[in-house]
2 protein chains.
Amino acid sequence: MSLDDSIGFLINQAGRRISQLLAQRFAPYEVTTEQWSVLARLREEDGISQKELAFRVGKDQTNVTRILDQLERKQLVVRRPNPDDRRSFLPYVTEEGNRVYLLLLPIEKDVVAEATSGIGSEDLAKLKELLVRVTDNSLQRLNL
Amino acid sequence: MSLDDSIGFLINQAGRRISQLLAQRFAPYEVTTEQWSVLARLREEDGISQKELAFRVGKDQTNVTRILDQLERKQLVVRRPNPDDRRSFLPYVTEEGNRVYLLLLPIEKDVVAEATSGIGSEDLAKLKELLVRVTDNSLQRLNL
DNA sequence: TATATATAATTGCTATAGCATCTAATTGCA
DNA sequence: TGCAATTAGATGCTATAGCAATTATATATA
């Protein structure tokens with residue numbers, strides 16, 4: 001029994017490598033892969049709470065706070081007060097954020113295509129399905 | 001097209017969740033999941049260089065240096081000078097490291113079993129194969 | 001053999017991950 | 001209504017990820 005038989009290890013290794021590749025391609029634009037994922041999610045559902053956003057990107061609320069700090073510093077996102085709850089801020093993608101998103105989108109697509117080259121569309125669908133399953137199984141047993 | 005269609009996102013999300021679950025189970029033993037992976041790999045091939053070890057765990061050499069610092073602090077690993085190259089140190093698992101490894105092994109197996117529950121052995125094999133493919137594809141295109 | 005080049009490991013830096021804790025605001029219930 | 005419990009977000013802390021630069025040693029080549 002080797003480390004290479006551990007699904008946990010294999011998933012994280014694949015994740016590190018594909019993120020590293022994406023990070024290299026994103027580097028000229030000074031946007032990290034995680035900032036990208038938050039920006040992308042936010043573009044799909046603007047104006048949700050940070051807590052909700054954290055859930056939607058599968059990240060800790062603490063991290064989302066800090067990633068939003070970075071995105072706001074770069075003026076890709078703005079936080080506006082939530083009129084219904086004065087504890088809460090709602091993040092929105094700015095014009096510039098939208099522009100950067102559209103600029104990076106094809107780069108991300110390329111990297112995904114390269115990382116999955118040689119994998120048929122059926123296998124790709126299977127891979128996604130199994131990853132979601134692992135995510136859900138883990139989430140279910142997590143003490144959150 | 002949503003973030004949820006991105007293999008990169010899905011892999012990293014699954015990786016975060018399963019690591020988080022494993023981290024919760026490892027917490028009482030004060031060993032992190034990444035320390036675990038280095039310890040496990042080192043147990044398979046003692047006495048290789050840190051550079052080689054880094055490659056074998058799919059991590060940056062810098063990180064391996066620091067993870068080894070942690071493992072050495074906990075006396076689970078010792079670094080001995082490489083007699084053939086005075087720039088180099090060779091890490092070895094200690095008795096205590098071996099003991100801790102054997103203690104954590106069944107916990108890791110449990111977590112993997114839980115995270116993959118409902119996935120048949122054929123699909124599991126497929127998942128591993130596809131993850132290795134993604135890793136290799138990404139590695140190939142990385143500027144290292 | 002002298003010197004330039006390359007290499008192993010470390011250190012410094014920024015960003016992410018996640019836990020515990022804090023503050024301010026909201027909700028629940030006596 | 002009034003106060004306790006809960007919640008949203010932020011902050012502090014440690015560990016990991018990866019890049020750039022540093023130090024010490026090895027290797028290659030003029």
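In what follows, chains are A, B, ... by sequence order, proteins preceding strands, each numbered from 1.
Here the side chain of A:Ser6 pairs a donor or acceptor atom with the backbone of A:Phe9 at under 3.5 angstrom.
Rounded to an integer number of Å, the gap from B:Asn143 CG to D:dC19 P is 9 Å. Note: CG (A:Leu71) to C1' (C:dT16) measures 13 Å, nearest angstrom. If you take CZ of A:Phe89 and P of C:dA24, they are 13 Å apart, rounded to a whole angstrom. Rounding to whole angstrom units, CZ of residue B:Phe55 and C1' of C:dA8 are separated by 17 Å. In this structure, NZ of A:Lys51 is placed 10 Å from C1' of D:dT6, rounded to the nearest angstrom. For the pair B:Leu53 CG and C:dT10 P, the computed distance is 11 Å after rounding to whole Å. Summarising the geometry, the separation between CG on B:Asp69 and P on C:dG12 is reported as 12 Å, rounded to the nearest angstrom. Between the CG atom of B:Asn82 and the C1' atom of C:dT7 there is a distance of 13 Å, rounded to whole Å.
Listed by first and then second residue, the ring pair (Phe, Tyr, Trp, His ring centres under 6.0 Å) pairs that reach into residues 11-42 of chain A are A:Phe26-A:Trp36, A:Trp36-A:Tyr101, sequence neighbours excluded.
Within 3.5 Å, no donor on the side chain of A:Arg87 pairs with an acceptor on the base of C:dT26, nor the reverse.
Contact annotation for A:Asp85: backbone-only contact, meaning every heavy-atom pair under 4.0 Å involves sugar-phosphate atoms and none involves a base.
When the C1' atoms of four end pairs are superposed on the next four at each end of the helix from C:dT1-D:dA30 to C:dA30-D:dT1, using five pairs per end, the two resulting axes differ in direction by 10°, to 10°.
Judged by distance alone, the side chains of B:Arg16 and B:Gln13 never bring a donor and an acceptor atom under 3.5 Å apart. No hydrogens or angles considered: a donor-acceptor pair under 3.5 Å links the side chains of B:Gln50 and B:Arg79.
Taking 4.0 Å as the cut-off between side-chain N and carboxylate O, A:Lys74 and A:Glu30 do not count as a salt-bridged pair.
Just one residue in the list B:Asp69, B:Ile67, B:Leu42 forms a side-chain contact (heavy atoms from CB on, under 4.5 Å) with B:Val77, and that residue is B:Leu42.
For B:Ser2, the side-chain contact (heavy atoms from CB on, under 4.5 Å) partners two or more places apart in sequence, or in a different chain, are A:Arg41, A:Glu44, B:Asp4, B:Asp5.
Within residues 8-46 of chain B, the residues having any heavy atom under 4.0 Å from DNA chain C are, by residue number, B:Arg16, B:Gln20, B:Gln24. Non-hydrogen atoms lying under 4.0 Å from DNA chain D are contributed by nothing in residues 105-114 of chain A. Within residues 58-68 of chain A, the residues having any heavy atom closer than 4.0 Å to DNA chain D are, in order of number, A:Gln61, A:Thr62, A:Thr65, A:Arg66.
The side chain of B:Gln50 has C:dT10 as its nearest neighbour among D:dA10, D:dT16, C:dT10.
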